[in-house]
Amino acid sequence: MPELPEVEVIARGLNATLPGRTVVSVDHVDLTRLSEPAETLLPKVTGRKIRRVYRRAKVLLVEMNDDLTLVFHLKMTGRVVHGPRREPEKHDRIFLRLDDDSLLSFADVRKFGFVKGMTADELKAWSFLAKCGPEPLETSPEVLADRLRRRKSAVKGVLLNQSVVVGVGNIYADESLFRAGIHPETRADMVSQKRAVFLFSELQAVLKQAIAENGSSIRDYVNADGDAGAFQNNFNVYGKVNEQCAQCQTTLKSVKVSGRTSTFCPKCQTKR
DNA sequence: CCAAGCACCTGACGGC
DNA sequence: TGCCGTCAGGTGCTTG
């Protein structure tokens, strides 16, 4: 579900309320396929104090005292919400009960997501993060353009490739390609340096705007307070196949690129 | 090394 | 109503 803006909004929200809180107990609601075994996770977390919450790529990291970081990946439908105590519901996976009687919950309809406890050394050695490329908001468009243009496959697929640049998923790939006027099937190495730089400056703009609007809620995404985002109201192409382009009224089309549906304007987005 | 395709899982929606 | 196919914000594994 969440791409960079959504995970960033969740991390900022949690970082505003969680630091200083201590985990009083952990309810193992349902860890099926979701985590390291409860018998190793639960003792590690109980009694720890939360220091800070941050994001790297699409991963949410809750740093605690005594060399433990809780690592969440939300994949398509994961939710991490901090709120009042409540009863477990159908898709809840794990409950962390905090010392102010609040609740940090992880829910996940499709069960693709996970949570693990890692030491700093384990985090550093974690292959997922080791393979990740640079952060798009902390890297110049020129550097990102150079990385993209070394690839021969479709530009859409390259944007989704987390070893090239992290944090971009199907929504923000389609939206940034539209804003840059680039057809999703264009070979990455055939995009001029100038256009590739423009693509990443548009990507940065769209990511920042999405963060400012609390992320995009299609189905499942909510922020750390359980509230939906608003950036879906600003989509130009994502999920809008057969609608009219807001710029030129041409009917938007969709194609499969790298196995993902890609919606684009056949007039505004060109291959060169 | 790279790229494509399927797998993981549940739910929502459209067609018949 | 219900059954069936298709699709969904991500990533990992296998294959070529």
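Per chain, numbering begins at 1; letters A, B, ... match sequence-line order.
Between dA3(B) and dG9(C), the two C1' atoms lie 22 Å apart (nearest whole Å). Rounded to whole Å, the P atom of dT11(C) lies 22 Å from the corresponding atom of dG11(B).
Each salt bridge (charged side-chain N to carboxylate O under 4.0 Å, His left out) pair with one or both residues in residues 12-30 of chain A, not counting sequence neighbours, appears once here: Glu8(A)-Arg12(A), Arg21(A)-Asp99(A), Arg21(A)-Asp100(A), Asp27(A)-Arg97(A), Asp30(A)-Arg93(A). Residue pairs satisfying the ring pair (Phe, Tyr, Trp, His ring centres under 6.0 Å) criterion with at least one member in residues 140-179 of chain A, sequence neighbours excluded, are absent.
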Could you pull out the protein-nucleic contacts involving nucleotides 10-13 of chain B (nitrogen or oxygen on both sides, under 3.5 Å)?
{"unit_1": "dT10(B)", "atom_1": "OP1", "unit_2": "Lys111(A)", "atom_2": "NZ", "d": "3.3"}
{"unit_1": "dG11(B)", "atom_1": "OP1", "unit_2": "Lys90(A)", "atom_2": "NZ", "d": "2.9"}
{"unit_1": "dG11(B)", "atom_1": "OP1", "unit_2": "His91(A)", "atom_2": "NE2", "d": "3.4"}

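Nucleic acid contact for Tyr172(A): none, since no nucleic acid atom lies under 4.0 Å from a heavy atom of the residue. Residue contacts for Gly259(A): at a heavy-atom cut-off of 4.0 Å it reaches no nucleic acid atom on any strand shown.
Straight-line distance from the CG atom of Asn214(A) to the C1' atom of dG9(C): 16 Å, rounded to whole Å.
Set against dA8(C), dT11(C), dA3(B), the side chain of Arg151(A) has dA3(B) as its closest nucleotide.
In this structure, the side chain to side chain contact (heavy atoms under 4.5 Å, CB included) partners of Phe112(A), at least two apart in sequence or on a different chain, are Lys75(A), Met76(A), Arg110(A).
Between Phe106(A) and Phe72(A), the ring planes lie perpendicular to each other; the angle is over 60°, past the 30° to 60° tilted range.
Between the CD atom of Gln269(A) and the OG1 atom of Thr263(A) there is a distance of 9.5 Å, given to the nearest 0.5 Å.
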Quick one: the dot-bracket string of DNA chain C, using Watson-Crick and G-U wobble pairs with both distances under 3.5 Å, [ ] for crossing pairs and | for bases paired to another strand.
.|||||||.|||||||
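Counting side-chain heavy-atom gaps under 4.5 Å among Ile, Leu, Val, Met, Phe, Trp and Tyr, the cluster of Val71(A) also holds Tyr54(A), Val59(A), Leu61(A), Phe114(A), Met118(A), Leu123(A), Trp126(A), Phe128(A), Leu129(A).
A side-chain donor-acceptor contact under 3.5 Å links Asn161(A) and Ser163(A).
Between the side-chain ring of Phe112(A) and the base of dG10(C), a stacking contact exists by the 5.5 Å and 30° definition.
One finds a side-chain N or O of Arg260(A) lying less than 4.0 angstrom from the OP1 or OP2 phosphate oxygen of dG10(C).
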